[in-house]
Amino acid sequence: MTTYVAVHRMLDDLRLPAKYSACDWCGLTASDWAYQWNDPAALDSERGPYSLNTTSYVAMCRSCHHTLDYTHRSYGPERFPYEVARLKEAAYSAVSDERRAAEARAREASRKAAERHADAREAARKPRRRKAESEAAQSALMLMSRGYRINALER
């Protein structure tokens, strides 16, 4: 079974860490992947409910994330969507466009630096020894990597 921590690590692997994204509510730099309380098949853990569906998460700053969770606990599932819409609008209007733009520039620079670091680390790794492959096998792998299937009957 996939755990709460494993789901959040998977989100970081699939989408990059939340710190490279803007908060879904206010537009400032996010710090967490926040569960949106929208999955009927949610699982429980000691840290709280979570979902295996990665589309049930959005990047949020710590303040907006706590507000979202508090709102769900306070209002329950019936009133929750209406309160979220109201709070999301209030959070966005509380932040100036200049501050959002400045944080977006800083986030982009940070993301580029992280990508350069990952590329350098990948380049420093020793290449793995691979078995010699025939030319036919290499072309088949190339086609498969592009999403094509090779049917032996069509050859």
Side-chain angles (χ1 to χ4, degrees), residues 1-128 130 141-151:
M1 176 181 213
T2 306
T3 65
Y4 178 94
V5 173
V7 169
H8 282 77
R9 285 185 186 151
M10 182 174 58
L11 286 164
D12 286 345
D13 290 342
L14 291 174
R15 297 187 186 174
L16 291 178
K19 68 182 180 180
Y20 299 119
S21 303
C23 176
D24 190 53
W25 282 19
C26 65
L28 297 178
T29 301
S31 60
D32 304 318
W33 289 110
Y35 174 58
Q36 296 298 294
W37 304 93
N38 60 359
D39 188 0
L43 303 169
D44 277 330
S45 77
E46 62 215 22
R47 293 184 175 195
Y50 67 101
S51 173
L52 298 178
N53 182 358
T54 58
T55 60
S56 294
Y57 294 88
V58 295
M60 294 183 91
C61 68
R62 185 82 25 101
S63 174
C64 293
H65 186 176
H66 285 304
T67 302
L68 174 76
D69 290 344
Y70 176 78
T71 302
H72 187 268
R73 283 191 304 272
S74 298
Y75 291 99
E78 299 82 29
R79 183 81 185 132
F80 178 68
Y82 304 105
E83 292 299 320
V84 165
R86 182 182 63 79
L87 291 169
K88 188 175 183 177
E89 186 177 325
Y92 190 83
S93 64
V95 178
S96 69
D97 290 338
E98 294 83 17
R99 183 167 178 206
R100 269 192 289 277
E103 287 212 10
R105 287 189 299 273
R107 239 186 348 266
E108 183 63 22
S110 177
R111 186 184 61 76
K112 285 181 180 178
E115 286 175 349
R116 283 193 306 271
H117 176 72
D119 290 345
R121 190 174 58 213
E122 185 68 30
R125 286 186 183 166
K126 291 183 180 178
R128 292 184 181 177
R130 300 183 75 188
L141 287 173
M142 184 178 68
L143 289 174
M144 287 170 49
S145 68
R146 292 183 184 157
Y148 297 105
R149 291 187 177 182
I150 297 179
N151 188 341

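Just so it is clear, the values below take in all heavy atoms, side chains as well, and ignore hydrogens, waters and symmetry mates.
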K112 and E115 ion-paired at < 4.0 Å = no

Tell me, which pairs form a salt bridge (Lys or Arg N to Asp or Glu O under 4.0 Å) where one or both residues lie in [range], sequence neighbours left out?
range: residues 52-78; result: D32-R62
range: residues 6-27; result: D24-K88
range: residues 43-54; result: none

Nearest 0.5 angstrom please: [X] [atom1] to [Y] [atom2], how far?
X: L68; Y: L87; atom1: CG; atom2: CG; answer: 9.0 Å
X: T67; Y: W25; atom1: OG1; atom2: CH2; answer: 6.0 Å
X: R121; Y: H117; atom1: CZ; atom2: NE2; answer: 4.5 Å
X: T3; Y: M10; atom1: OG1; atom2: CE; answer: 9.5 Å
X: N53; Y: L43; atom1: CG; atom2: CG; answer: 11.0 Å
X: C61; Y: L28; atom1: SG; atom2: CG; answer: 6.0 Å

Using 30° and 60° as the class limits, which term best fits the ring planes of W37 and H72: parallel, tilted or perpendicular?
->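 Plane angle under 30°, so parallel.
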
Indicate the atoms forming the closest heavy-atom contact of [X] with [Y], along with that distance.
X: A18; Y: A30; answer: O-CB, 3.4 Å
X: C64; Y: C26; answer: SG-SG, 3.9 Å
X: P49; Y: Y35; answer: O-CD2, 4.0 Å
X: W33; Y: S21; answer: CH2-OG, 4.3 Å
X: D39; Y: L52; answer: OD2-N, 4.4 Å

Around Y92, counting heavy atoms of other residues, nucleotides and ligands shown, do more than 12 lie under 6.0 Å from its OH?
->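 No, because the 6.0 Å sphere around OH of Y92 holds 12 heavy atoms or fewer from other groups.
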
Which residues share a side chain to side chain donor-acceptor pair (under 3.5 Å) with T29, sequence neighbours left out |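 Counting only residues at least two positions away or on another chain, T29 forms a side chain to side chain donor-acceptor pair (under 3.5 Å) with E103, R107.
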
Set of side chain to side chain donor-acceptor pair (under 3.5 Å) partners for E108, sequence neighbours left out | R111

Set of residues satisfying salt bridge (Lys or Arg N to Asp or Glu O under 4.0 Å) with respect to D119, sequence neighbours excluded =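 None.
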
Centres of the Y57 and H8 rings: under 6.0 Å?
-> yes

